[in-house]
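Working notes for the structure below.
Atoms within each ligand, like the ligands themselves, are counted from 1 in listed order. Everything quoted here is computed from the prediction, not taken from an experiment. Starting from 1, each residue takes its place in the sequence as its number.
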Amino acid sequence: MVRAMSILSLAGWAVAGAIATPASSAELPKVRVLATGGTIAGAQANATGYAYKSGTYDVAALLASVPHLDELAVVSGEQVASIGSQDMHDAIWLDLARRVEATLDSADTDAVLITHGTDTLEETSYFLSLVTSSDKPVVMVGAMRPATAISADGPGNVYSGVAVATDPGARGKGTLVVLNDTIHYARNVVKTDTTSVQTFSSINRGPAGVVHAGQIDWFEPMDRKLGKDTGFSIQGRDRLPRVDVIYAHAGMSADLIDAAVGRGAQGIVVAGVGDGNASMPAIDALTRAAKRGVVVVRSTRLPAGIVLRNNEIDDDAKGFVASGELNPAKSRVLLQLALTQTSDPSRIQRMFYEY
Ligand code: GLU
């Protein structure tokens, strides 16, 4: 049975089942949706073509397309942004993080669901996981197919996302990412495929759980520090320190590294070859940068594995940080937040081990 829904109100909007009784609604958990755009809200020129525009539909329209959502929760929401997530940036992260914190502080909200484009979902989710202090669930969802596509995956992902957000097992797990019936910890999840609905993967550790038609199985717990234990504060900030990511390759020169330092980068993440390696000219330039106080993190352009400290490169001597499991995009997020507290590479190395 698909229920009629979509009740718009002046204070935002709310979705409620037309035939749900007030008593049953009162017992349901309350989920606040913060929408940012992305393919999940995208429209195609026609249902069989590839081309589409991210962030076309507002979230009220998106939620109205999800059958039976009103049986899981009372869902209300607001539009934070309407962008493709390739345009996500620090200012929206900071705004979003404050809204998440304020929303979860309210006794009227049990959980937050964020809709987001998939391109930078792995970064936004890790950022939120590091700065959100509440134990209440924060779940992010996206979609690989636009809302107008045949077999659009957005509605199913929203349903699963709300099911996870209202599950007691989601408390205290930091920000979770739910797509294609799979639950991921923000720290571990990466996008692996340009277009497939099976694109998100927790490569080194495996997923946090699975969700099928609202039924959830949780797997391993998260052993790394989350927002309430990191000590990061974004209070009073309207930007984060500049950190550039530089991609290593055969024949890499020092030019982009020197340019990043010249343009005021406080940190550089090198998307290294192999175990976070780079050419001799690049390593020399990174060593010079580290001597000037720029924090250098060695990550890898490879999809899996751990970047080891003091393996082929003497990080102790050069003052570098090894990224461990974090890929370049996630290393950049952690380094930006780390630099709000310190530029001491050994303290930052500890954060890469613990967060
Ligand atoms: N570029 C879009 C975005 O990240 C496409 C990815 C998606 O949403 O699936 O918003």
Within the 4.0 Å heavy-atom shell around [X], which atoms of ligand 1 are there?
{"X": "S85", "answer": "3 (C), 4 (O), 10 (O)"}
{"X": "Q86", "answer": "1 (N), 2 (C), 3 (C), 4 (O), 10 (O)"}
{"X": "A143", "answer": "7 (C), 8 (O), 9 (O)"}
{"X": "G38", "answer": "8 (O), 10 (O)"}
{"X": "G84", "answer": "10 (O)"}

task = Assess the side chains of Q349 and D315: does a donor N or O sit below 3.5 Å from an acceptor N or O?
result =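 The answer is no; no qualifying pair exists.
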message = When you compare the side chains of N204 and E325, does any donor N or O come within less than 3.5 Å of an acceptor on the partner?
response =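 There is no such pair between these side chains.
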query = Would one find an N or O of T120, backbone or side chain, under 3.5 Å from an N or O of ligand 1?
reply =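 Between T120 and ligand 1 (N or O atoms, distance only) the closest approach is not under 3.5 Å.
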key: Pairs satisfying salt bridge (Lys or Arg N to Asp or Glu O under 4.0 Å), at least one member in residues 85-99, at least two apart   =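 Salt bridge (Lys or Arg N to Asp or Glu O under 4.0 Å) check on residues 85-99 returns E78-R99, D95-R99.
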ask   = Per the side-chain contact (heavy atoms from CB on, under 4.5 Å) rule, which among V33, L121, V100 passes with I114?
value =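 Checked V33, L121, V100 against I114; only one passes side-chain contact (heavy atoms from CB on, under 4.5 Å): V100.
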ask   = Pick one: which of L34, V31, T175 meets side-chain contact (heavy atoms from CB on, under 4.5 Å) with V112?
value =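 Looking at L34, V31, T175, the match for V112 under the side-chain contact (heavy atoms from CB on, under 4.5 Å) is L34.
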ask   = Which residues pass the salt bridge (Lys or Arg N to Asp or Glu O under 4.0 Å) test with K225, sequence neighbours left out?
value =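 E354.
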request  = Look at ligand 1 and say whether G142 reaches it with a heavy atom at a distance under 4.0 Å.
outcome  =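 In this structure, G142 fails to qualify as a contact of ligand 1 - no heavy atom is under 4.0 Å.
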